[in-house]
Structure formats: structure tokens, C-alpha cells
Amino acid sequence: MERHEIDVLTLQETKARDDQWPLMGLEAMGYEVATYGFNQWNGVAIASRVGISDVRRGFEGMPEYGDPRVTEARALGATCADVQVWSLYVPNGRALGDPHLDYKLDWLARLGVAARDWLRGDHQAQIALAGDWNVAPRDEDVFDMRSFATSTHVSPPERAAFHAIVESGYADVTRPFTPGPGVFTYWDYYRERFERNRGMRLDFVLGSPAFAERVTAAFIDRAERAGKGASDHAPVIVDTEP
DNA sequence: ATGGTCGTTTCACGA
């Protein structure tokens, strides 16, 4: 965060309850923090050094689909300066035919309905939908499509759900600055997946028209994936005009 | 078709 002068940070799959956050450290760096941690599995958070004026919680999980410890996925919205930022952790889906995939598709559909409502209410709204989408929208977003033939993340319904949100007015502001193929945001921990660049592009920032106009650059910080103890996802950074 | 890694919920499980 210090190296890249991050104004607003969104985190997903934090595996932390609200009471487990290192808030003092973030606050010492000048950040306000909003968290939405369900349990030790899944949570989301937003840290902002440009202020948080409003916090919205939405799109919680659907426990009827199974064990709520693992099915819970969350979305946390916060108004940071003039931008409404959402930290999204889209459900994983687990496997084709698994009820968790139905839950994932329902969750994305509900997000799409809400996102369209936000645009209808205010055409000048600056909204960023940022996080782990757990969808690889294009074939080039996985290192080897043959090995994903019977997998989630690339299935037509998942891709359709993602594209529906794009087509409703939320542009992917990251891909134009980080074109593929071979450009990923996630590499599994299995041996040499990162070293061999056998990854997936699952993390995106989608922006409303007014926000997308302000974006000047995007960057995937691969170096953060290299160290011992790193997350399996790399940070995705977006720059905007003031 | 399987297994490979990681961290926590541990000799199991979801990512």
C-alpha cells in the first residue's frame, strides 16, 4: 500500500471476522476501515484514506445451499470520496452440477439487478465493482482451456452473468491496460503454477460510465505473488484522474 | 483421471 500510494483498498476472502482485523495498523497509516466478516472463512473489507461517508452491506450468502461456513460470500459497499466502491467476493461455485454453482449464479444475478438499479438512479454515479469475481470471462483468461473443460469459472452461465453486468453499463476498466493472453491475477499454490505463469484472470474492476471515464491506468502487481506466504491472488491497481 | 499446495476448520476440507 505504501509503495503504490493506495487511496482505497478492497480485500476479499479475508478469512477474518470483524474482530480479527488489524485495525490499529491501518488506522495508523491514515485509513478508515469498513469490514464485513462473517467468520474465519470469508469476509470483505474496504480501507480508505480519502474518507468513508457511507457503508452498505449486501449480497450475503444463502445458507440453504449448504454449510454456511463455506457458502457465505459477501459484498461490502462504501462511499470513498466521490466514488461508491464495492468489494465483491463472488462465490466459488466448486464444481459443475454442484448446488454451490447455482448459488453463485443466483448471487451474480442479484448483483446485476442491484447494479442496474444504481445506474438508473443516477447517470452521473461513479461506481466501482472491484474484487474476486471467480469468473474467467475469456478463454485467454485461463492458462489452458483444455484443463477447464469440466470446470467452473469458465462455464457459459458464469460468463453470461459477468457479461450481463458489463452490458448493463459497467466496463472492465482493467483489461484495456493489461491485455492478454497470458495476463493473470491468480495462480494456484500448486508447484510452479506461478513460476510457469499458469494462472487465471479472475479479479476485475468494473466501472460505471462516469467512473470509467476517470480511469487512466491499471496494473497487476505480480511481484506481490512471488514471496513466501503470499496470497494466491495478485493486487489489481487502478489509477484515476483526481 | 489424478494430483499437485496452502492454511485452518486438522489425520479433513475448501480454496
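Lettering of chains follows the sequences in order, A, B, ..., and the numbering in each one begins at 1.
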Atom [atom1] of [X] and atom [atom2] of [N]: how far apart are they, to the nearest Å?
{"X": "A:W187", "N": "B:dC6", "atom1": "CH2", "atom2": "C1'", "answer": "17 Å"}
{"X": "A:Y103", "N": "B:dG14", "atom1": "OH", "atom2": "P", "answer": "14 Å"}
{"X": "A:H100", "N": "B:dC13", "atom1": "NE2", "atom2": "P", "answer": "13 Å"}
{"X": "A:H233", "N": "B:dC6", "atom1": "NE2", "atom2": "P", "answer": "15 Å"}

- Note on the structure: Output row for DNA chain B, stems defined as at least 3 consecutive Watson-Crick or G-U pairs under 3.5 Å, is B:5-8 with B:12-15
- Item | Sidechain N-carboxylate O distance under 4.0 Å for A:D141, A:R175 | yes
- Result for 5'-nearest mapping on DNA chain B, choosing between A:G229 and A:D232, is A:G229
- Message: Suppose the criterion is side chain to side chain donor-acceptor pair (under 3.5 Å): which pairs have a residue in residues 161-173 of chain A, not counting sequence neighbours?
- Response: A:D172-A:T174
- Task: Output, in order, the C-alpha distance, side-chain angles, deciding distance and verdict of side-chain contact (heavy atoms from CB on, under 4.5 Å) for A:Y190 and A:R198.
- Result: CA-CA 10 Å; A:Y190 303 151; A:R198 296 169 71 81; over 6 Å; no
- Give the C-alpha distance, both sets of side-chain angles, the deciding distance and a yes or no for side-chain contact (heavy atoms from CB on, under 4.5 Å) between A:L88 and A:V44. CA-CA 7 Å; A:L88 306 175; A:V44 289; over 6 Å; no
Could you go over nucleotides 2-5 of chain B and give all protein N or O partners under 3.5 Å, atom names and distances?
from  : atom 1 : to     : atom 2 : distance (Å)
B:dT5 : OP1    : A:R191 : NH2    : 2.9
B:dT5 : O4'    : A:Y189 : O      : 3.2
B:dT5 : O3'    : A:Y189 : O      : 3.4

- Message: Quick check on the hydrophobic clustering: are A:W187 and A:F148 connected, directly or via other members, by side-chain heavy-atom contacts under 4.5 Å?
- Response: yes
For the [atom1] atoms, the ones on [N] and on [M], what distance do you get once it is rounded to whole angstrom?
{"N": "B:dG14", "M": "B:dG4", "atom1": "C1'", "result": "15 Å"}
{"N": "B:dT10", "M": "B:dT2", "atom1": "C1'", "result": "23 Å"}
{"N": "B:dA15", "M": "B:dG3", "atom1": "C1'", "result": "15 Å"}

- Task: Tell me which residues in residues 139-149 of chain A put a heavy atom below 4.0 Å from DNA chain B, sorted by number, or none.
- Result: none
- Query: Taking the side chain as C-beta and beyond, is there a heavy-atom pair between A:N92 and A:H153 under 4.5 Å?
  - Reply: yes
- Message: Using modelled atom types and a 3.5 Å cut-off, is there a donor and acceptor pairing between side-chain atoms of A:T152 and backbone atoms of A:G93?
- Response: no
- Message: Applying side chain to side chain contact (heavy atoms under 4.5 Å, CB included), can you list everything that pairs with A:L105, at least two apart in sequence or on another chain?
- Response: A:L101, A:P157, A:E158
Considering only distance and modelled atom types, tabulate donor-acceptor pairs under 3.5 Å from the side chains of residues 232-242 of chain A, sequence neighbours left out.
from   : atom 1 : to     : atom 2 : distance (Å)
A:H233 : ND1    : A:D203 : OD1    : 3.3
A:H233 : ND1    : A:D203 : OD2    : 2.8

- Query: Angle class for the A:H4/A:F219 ring planes (parallel below 30°, perpendicular above 60°, tilted otherwise)?
  - Reply: tilted
- Give, for atom CD of A:E13 and atom CG of A:N134, the distance between the pair rounded to the nearest 0.5 Å. 7.5 Å
